[in-house]
Amino acid sequence: MAKVHVFDHPLIQHKVTIIRKVTTGTREFRQLVDEVAMLMAYEVTRDLPLEDVEIETPICKTIQKQISGKKLGLVPILRAGLGMVDGMLKMIPTAKVGHIGLYRDHDTLQPVEYFVKLPSDVEEREFIVVDPMLATGGSAIVAIQSLKNRGAKNIKFMCLIAAPEGVETLKEAHPDVDIFVAVLDEKLNEIGYIIPGLGDAGDRLFGTK
Ligand code: PRP
Ligand code: URA
């Protein structure tokens, strides 16, 4: 069964509180989403395998550790997932980046896929799918299925804010995918927005509406 990791780090909680505020403007919102993604990257990559490597310091030769050739892929769900990519790349600069474009139909809340572009060696990569919001779970489920349909076998999902409903639905649909959540919120409202949430992540990140 999928493991759900909820972050309790004070820096992450503090930054997400500012992100939520209705008075936080686009520039600060973007900056903080970037910073939280960078902090979360630290934990999401905790299980990367290490190998011994011989190096030479100014003092002597020594055997030390390096990450053992794991091929990582980041996949932001467009649009809002884009806001998390740069922060993660600061920590894992050699990761390849794929893109999956989805939007929620405002009436049915069903995700509609409009774009997919992934690294060519999908089967060999470990993927981290990123999106600030996990609400009904529909977008994450479709994005992960899209990756699996193209051969991906090793996938994690990472978001800033999740509704319990979305976490449960995603766990059921993809029990092999571990979920990393900065903050778990109360519930969804009647039009599928997270309470208390932060509103529409894409609009807040890109200043649209
Ligand atoms: C938002 C968000 C997620 C999705 C979550 O995207 O970035 O992708 O909603 O909702 P769900 O869990 O109920 O599927 P949106 O559909 O607003 O598209 P946008 O990023 O292009 O604005
Ligand atoms: N998508 C968002 O951007 N915000 C929500 O609260 C739910 C879905």
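Indexing begins at 1, ligand by ligand and atom by atom, following the structure's order. All heavy atoms count here, side chains included; hydrogens, waters and symmetry mates do not. Throughout, residue positions are numbered sequentially from 1 according to the sequence presented.
Residue A201 places no N or O, backbone or side chain, under 3.5 Å from any N or O of ligand 1. Not one N or O of G202 is nearer than 3.5 Å to an N or O of ligand 2, by distance alone. For ligand 2, the polar-atom distance check against I194 finds a nitrogen or oxygen pair separated by under 3.5 Å. The shortest N or O to N or O distance between Y103 and ligand 1 is not under 3.5 Å.
Taken to the nearest 0.5 Å, the CG atom of D86 stands 11.5 Å off from the CE atom of M38.
Between L109 and ligand 1 there is no heavy-atom distance shorter than 4.0 Å. Using a 4.0 angstrom heavy-atom cutoff, P132 does not count as in contact with ligand 2. In this structure, R204 falls outside the shell of residues with a heavy atom less than 4.0 angstrom from ligand 2. Within the structure, ligand 2 lacks G197 among the residues with a heavy atom less than 4.0 angstrom away. For the ligand labelled ligand 1, residue G137 lies inside the 4.0 Å heavy-atom shell.
Ring planes of H5 and F180: parallel class, angle under 30° (limits at 30 and 60°).
Which parts of ligand 2 touch A201 is read off a 4.0 Å heavy-atom cut-off, strictly below it: atoms 2 (C), 3 (O).
In this structure, the protein non-hydrogen atom closest to atom 4 (N) of ligand 2 is G199 O, 2.7 Å.
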